[in-house]
Amino acid sequence: MTRLDNRQIDQLRPINIKLGVVKSADGSCYLEWGRNIVIATVHGPKPMFPKHLADSTKAVIDYRYRMAPFSVSDRKNPVPGKRDKEISLVSGFALEKAIDLEQFPNTVIDINSIILSADAGTRAAALTAASLACADAGLPMKGLVSAVASGRANGEFVLDLTKDEEDTFDAVDTAIGVLMPQNEIVLMQMDGFVNQKDWKKIISVGVKGAEKVYELQKKAILEKYPLEGDLQ
Ligand code: ADP
């Protein structure tokens with residue numbers, strides 16, 4: 001069974017990653033994922049201002065997911081809405097799990113993911129790119145967050161839905177972020193209605209997909225840092 005874009009049901013769209021593209025940032029990542037394009041940057045750790053927002057035990061992550069106005073065909077309002085804020089909040093929680101924040105008390109780490117072109121799965125692409133930008137910034141990482149969407153479209157359980165698939169009549173769309181190599185789910189969001197049995201199937205497709213994303217993330221890190229080859 002192939003799909004609207006001729007992929008296999010468990011096949012990712014083509015993914016292309018490059019680290020260190022934004023020279024003014026401490027770390028950055030450019031990521032193409034099918035027709036999605038994301039740039040992620042990291043600035044910090046730096047002293048938290050205003051100081052009352054600081055945590056004396058660890059760094060605070062300030063993650064912002066944003067879609068550029070030109071990222072979709074009908075102009076996206078640049079003012080962050082509820083969707084942008086919710087995605088930013090829960091993705092920030094996922095990134096917190098990946099970084100050894102206790103090393104940097106009273107600081108903030110600004111992480112920005114900007115979607116330049118959107119075709120569904122952008123929160124997963126943004127989180128995948130953000131975790132690579134953190135690694136590129138040299139932050140002490142416990143692991144990488146590998147994120148992907150899985151779900152149901154046209155009666156099939158599929159990995160990495162496109163916008164066309166998300167718009168099908170029976171669509172279920174789940175974004176999953178997995179801390180790798182620990183294999184710990186750190187993000188899960190779902191759109192649609194599904195029974196428990198199908199839900200388990202969708203999660204299993206997503207977790208396997210995240211492992212594929214992780215392999216591509218490791219490859220991208222090794223391309224820029226060929227001597228640091230002891231990643232699991
Ligand atoms: P994700 O991109 O993580 O799958 P959604 O399921 O909310 O997030 O959105 C699916 C797709 O719908 C987006 O990738 C984008 O192509 C489109 N989209 C989302 N928000 C808007 C918007 N405000 N205007 C136009 N298209 C949008």
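Predicted model only: the values in this text are computed from it and were never measured. Whatever order the structure lists ligands and atoms in, that order sets their numbers, starting from 1.
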Inset, instruction - Treat each ILVMFWY residue as a node, draw an edge where side-chain heavy atoms are under 4.5 Å apart, and state whether Leu19 and Ile37 are in one component. - result: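 Different hydrophobic clusters.
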
Does the side chain of [X] reach to within under 4.5 Å of the side chain of [Y], using non-hydrogen atoms?
{"X": "Ser113", "Y": "Leu127", "answer": "no"}
{"X": "Met48", "Y": "Asn106", "answer": "no"}
{"X": "Val148", "Y": "Trp33", "answer": "yes"}
{"X": "Ser150", "Y": "Val207", "answer": "no"}

Relative to the heavy atoms of [X], which atoms of ligand 1 are at a distance of less than 4.0 Å?
{"X": "Lys76", "answer": "23 (N)"}
{"X": "Lys163", "answer": "11 (C), 12 (O), 16 (O), 17 (C)"}
{"X": "Arg123", "answer": "1 (P), 3 (O), 5 (P), 6 (O), 7 (O), 8 (O)"}
{"X": "Ala118", "answer": "14 (O), 15 (C), 16 (O)"}

Inset, instruction - Only counting residues at least two apart or in another chain, list the ones meeting side-chain contact (heavy atoms from CB on, under 4.5 Å) with Arg35. - result: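 side-chain contact (heavy atoms from CB on, under 4.5 Å) check on Arg35 returns Asp119.
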
Legend entry - Passing candidate, side chain to side chain donor-acceptor pair (under 3.5 Å) with Tyr65, options Lys85, Glu86, Arg83, Arg123: Arg83

Inset, instruction - Quick one: look at Asp173 and ligand 1, take heavy-atom pairs under 4.0 Å, and tell me if it's side chain, backbone, both or neither. - result: side chain

Inset, instruction - Work out whether the distance between some heavy atom of Ala175 and some atom of ligand 1 is less than 4.0 Å. - result: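 Ala175 does not count as a contact of ligand 1 under the 4.0 Å cut-off.
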
Inset, instruction - Please state whether Ala149 comes within less than 4.0 angstrom of ligand 1, counting heavy atoms only. - result: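 Per 4.0 Å heavy-atom rule, Ala149 does not contact ligand 1.
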
Considering only non-hydrogen protein atoms, determine which one is nearest to [atom] and report residue, atom name and distance to 0.1 Å.
{"atom": "atom 4 (O) of ligand 1", "answer": "Gly121 N, 2.8 Å"}
{"atom": "atom 18 (N) of ligand 1", "answer": "Met67 CE, 4.1 Å"}
{"atom": "atom 14 (O) of ligand 1", "answer": "Ala120 N, 2.8 Å"}

Inset, instruction - Give the single entry among Ile115, Thr174, Val72, Leu127 that approaches atom 26 (N) of ligand 1 most closely by any heavy atom. - result: Val72

Legend entry - Closest to atom 8 (O) of ligand 1 among Arg83, Glu86, Glu166, Gln189 (heavy-atom distance): Arg83

Inset, instruction - Could you verify whether a donor N or O on one side chain and an acceptor N or O on the other, from Asn16 and Tyr30, lie under 3.5 Å apart? - result: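 Distance-only check fails for Asn16 and Tyr30.
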
Legend entry - Backbone of Pro45 reached by a side-chain donor or acceptor of Thr107 within 3.5 Å: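 Here the side-chain-to-backbone pair does not exist.
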
Legend entry - Any N/O pair Thr122/ligand 1 closer than 3.5 Å: yes

Legend entry - Ala124 N/O to ligand 1 N/O under 3.5 Å: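 Between Ala124 and ligand 1, no N or O pair is found under 3.5 Å apart.
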
